[in-house]
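Working notes, beginning with the structure itself.
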Number of protein chains: 2
Amino acid sequence: MEVKNGSVEERIINASFHILEKEGFSGATTKKIAEKAGVSEVTLFRKFESKEKLISIAKEHYSTDFIEKLTEIFQYTPEISVEEYLTQCFNKLVNLTDNELTILKVGMEEVRDIPTDKKVFLRISETIIDELTKFFSLKIEQKELREINPSILALNMFSIMFESIILWKVYGKQPKYNIDRYTEDFLDIILNGIKSDNK
Amino acid sequence: MEVKNGSVEERIINASFHILEKEGFSGATTKKIAEKAGVSEVTLFRKFESKEKLISIAKEHYSTDFIEKLTEIFQYTPEISVEEYLTQCFNKLVNLTDNELTILKVGMEEVRDIPTDKKVFLRISETIIDELTKFFSLKIEQKELREINPSILALNMFSIMFESIILWKVYGKQPKYNIDRYTEDFLDIILNGIKSDNK
DNA sequence: TATGAAAGTAAGTACTTACTTACATTATGG
DNA sequence: CCATAATGTAAGTAAGTACTTACTTTCATA
């Protein structure tokens, strides 16, 4: 489906998404969506054959955008050090606006009804884990990292970085430390391990 | 609210919860709940003043149970090694039945409307992180671990262990490795770090 | 200026939902 | 065995919801 900039379709899609975030699927009524988009409900149904399809188009639209943004964040050049790369990634993640993170919130709710390969959260996790796996493989090749399983490391790093963000931005947990302190400490843990030296 | 074993109230609460898992809040109609509980809808409303309160009682009930179970899993004796402890915890987590994990699925959906201090996922995370923080503090005191920030380490370990479980059991991602392999590898990473030695 | 597409208005359909009322039935314990 | 409490049945209420139909208005453009 091609959606032109500034078109009625686009306004409806945007409205759907913002109402979806605030009200959830069943709370996002076609009436509210039409109102927010500034069109009549009839127009909405002339453009989209059902509420279900509209919502799924809106999700698709926003999750594609978000995944693109994540892909940018996790891009790397071969020279960058692991520490620098991970610091940068995490800082950029934390600086995403609430608006940009909306899709994450919406994705966390998809615990049923949606086919596995369409679940936003799974698509996000796969994208990031793939990118991280490639990066860590390179760094193992370059001998900056020792011979560990790169895809398990990638899953761990994904977990650490995203779980903080999810707890904080999706579920509203107040963070205990400032970002710089937190980043420094978790990188120290991952880079150097936790065992004491005198053993 | 005291709910006696085998009482009508209990049957209604159980039914609510199982329908809630399969259908979500708006799909869990009082009609379905009553039917599943084997009572009439009228009885349901005589026992609980609204659907909303019923669901919140059911969630409270099941999340308290689950948190108790988690507390058991994360208990420790002062002698146990970090490696052994974390291995045991993760194995026990993975062996929780789908039924026991239902509340986690239900909790992941609570991205709005619910006051922060009642969100199931936040209560779970706080319980585990507290317990892990105490454990790691002890192990730092005992010099098994070096001087790192125990609560950041706890958050990291919580993230690694739970994110795998959530991806797998809540969102349906197929795991790439078997548990033993995975456990061994992520513990190696955390215990020994990832930097190559020759630097 | 005439035409056709896109939008709106008003009304309605068919269904579902949480919750209620009034009354009948069953079960239980003193 | 009888009074009382717990449950069921049947019906209904009031509101909402996705979606439709029929007709009118707006507006760009050829």
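All chains are named by letter (A, B, ...) in the order of the sequence lines, taking the proteins before the strands, and each is independently numbered beginning at 1.
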Would you tabulate the pairs of protein nitrogen or oxygen atoms and nucleotide nitrogen or oxygen atoms of nucleotides 27-29 of chain C closer than 3.5 angstrom?
none

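Between A/Lys51 and A/Phe45 the shortest heavy-atom distance is N-CE2, 4.3 Å. For the pair A/Met161 and A/Leu93, the tightest heavy-atom approach, listed with the atom from each and the gap, is CB-CD1, 4.2 Å.
Residues satisfying the side chain to side chain donor-acceptor pair (under 3.5 Å) test with B/Ser40, not counting sequence neighbours, are B/Thr43. A/Lys32 pairs by the salt bridge (charged side-chain N to carboxylate O under 4.0 Å, His left out) definition with A/Glu23, not counting sequence neighbours. For B/Arg181, the side chain to side chain contact (heavy atoms under 4.5 Å, CB included) partners two or more places apart in sequence, or in a different chain, are A/Asn149, B/Tyr177, B/Asn178, B/Asp185. Residues satisfying the side chain to side chain donor-acceptor pair (under 3.5 Å) test with A/Tyr182, not counting sequence neighbours, are A/Ser164, B/Asn156.
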Expected string for nucleotides 4-19 of chain C under the B/S/- scheme (protein heavy atoms, under 4.0 Å, primed atoms plus P, OP1, OP2 as sugar-phosphate) is ---BBBB------SSB

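Under the salt bridge (charged side-chain N to carboxylate O under 4.0 Å, His left out) rule, A/Glu110 has a single partner from A/Lys59, A/Arg123, A/Lys119, A/Lys118, which is A/Lys59.
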